[in-house]
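Quick note: numbers below take in every heavy atom, side chains included, and nothing from hydrogens, waters or symmetry partners.
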Amino acid sequence: VQLQASGGGLVQAGGSLRLSCAAAGLTFSSYAIGWFRQAPGKEREFVAAISWSGSSTHIADSVKGRFTISRDNAKNTVYLQIDSLKPEDTAVYYCAGGRVFGTVRNDYVYWGQGTLVTVSS
């Protein structure tokens with residue numbers, strides 16, 4: 001199983017990014033996908049998740065209104081749209097797959113390698 005996160009980069013505050021998580025080696029439509037992030041010196045935290053079909057989403061309160069998660073099961077890909085970026089969004093963003101549509105790390109069994117988002121002020 002492979003989860004490949006991409007789309008990170010350096011962006012100015014107020015800008016937008018779309019992260020992608022491409023999956024292989026699993027029945028993609030049977031897995032919930034979550035996004036987590038880890039800033040330097042901090043714990044990894046949940047930001048968003050989407051259910052197997054895409055009909056339900058969880059968005060962390062801290063990013064609600066700026067982060068949108070979606071999926072395309074035909075492409076085995078989940079997207080995280082990040083708008084109105086802030087310097088505090090700077091982190092490595094990880095995608096993860098699991099059978100539990102949850103908001104904690106232990107709900108997910110497969111993890112990607114992460115993509116770095118850096119927001120300059």
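To the nearest 0.5 Å, atom CZ of residue Arg18 and atom CD1 of residue Ile82 are 12.0 Å apart. The distance from atom CD of Gln12 to atom OG1 of Thr118, rounded to the nearest 0.5 Å, is 13.0 Å. Distance check: Ile33 CD1 to Asn76 CG gives 9.0 Å after rounding to the nearest 0.5 Å. The structure places CZ of Arg66 at 11.5 Å from CD1 of Ile59, a figure rounded to the nearest 0.5 Å. Leu10 contributes atom CG, which lies 9.0 Å from atom CG of Leu116 (distance to the nearest 0.5 angstrom).
In this structure, the side chains of Val119 and Val117 come closer than 4.5 Å at one or more pairs of heavy atoms. Side chains of Thr115 and Leu19 form a contact here, defined as non-hydrogen atoms less than 4.5 Å apart. Proximity of Glu45 to Gln38: side-chain heavy atoms (C-beta onward) are nowhere separated by under 4.5 Å.
In terms of hydrophobic clustering, with Ile, Leu, Val, Met, Phe, Trp and Tyr side chains grouped at heavy-atom distances under 4.5 Å, Val47 and Phe36 are assigned to different clusters. Tyr79 and Leu17 are members of different hydrophobic clusters when ILVMFWY side chains are connected at heavy-atom separations under 4.5 Å. Cluster membership for Tyr108 and Val1, using ILVMFWY side-chain heavy atoms within less than 4.5 angstrom, is not shared. Side-chain heavy atoms closer than 4.5 Å link hydrophobic residues (I, L, V, M, F, W, Y) into clusters, and following such links, possibly through other members, connects Trp111 to Val92. Ile69 and Tyr94 end up in different hydrophobic clusters when Ile, Leu, Val, Met, Phe, Trp and Tyr side chains are linked at under 4.5 Å.
Within a 6.0 Å radius of CD in Gln2, other residues, nucleotides and ligands contribute 12 heavy atoms or fewer. Enclosure of atom NZ in Lys75 is not indicated, since only 12 or fewer non-hydrogen atoms of other residues, nucleotides or ligands lie within 6.0 angstrom. For Phe101, the CZ atom sits in a packed shell: over 12 heavy atoms of surrounding residues, nucleotides or ligands are nearer than 6.0 Å.
Residues Ser53 and Asn73 share a closest heavy-atom pair of CA-ND2, 4.4 Å. Shown here for Pro87 and Ser121, the closest heavy-atom pair between the two residues is CG-CB, 3.9 Å. Nearest heavy-atom pair, Cys95 versus Ala5, reported as atom, atom and distance to 0.1 Å: SG-CB, 4.1 Å.
Using a cutoff of 4.0 Å between basic side-chain nitrogens and carboxylate oxygens, Asp89 and Arg37 are scored as salt-bridged.
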- Message: One pair to check against side chain to side chain contact (heavy atoms under 4.5 Å, CB included): Phe46 and Arg105. What are the steps and the verdict?
- Response: CA-CA 8 Å; Phe46 169 80; Arg105 291 177 63 175; over 6 Å; no
- side chain to side chain contact (heavy atoms under 4.5 Å, CB included) between Val78 and Trp35: does it pass, once the steps are laid out? CA-CA 9 Å; Val78 168; Trp35 284 95; 3.6 Å; yes
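Side chain to side chain, Asp83 and Ser16 meet the donor-acceptor criterion of an N or O pair below 3.5 Å.
Annotation: cation-pi geometry not satisfied between Arg71 and Tyr31 (NZ/CZ under 6.0 angstrom from ring centroid, within 45° of ring axis).
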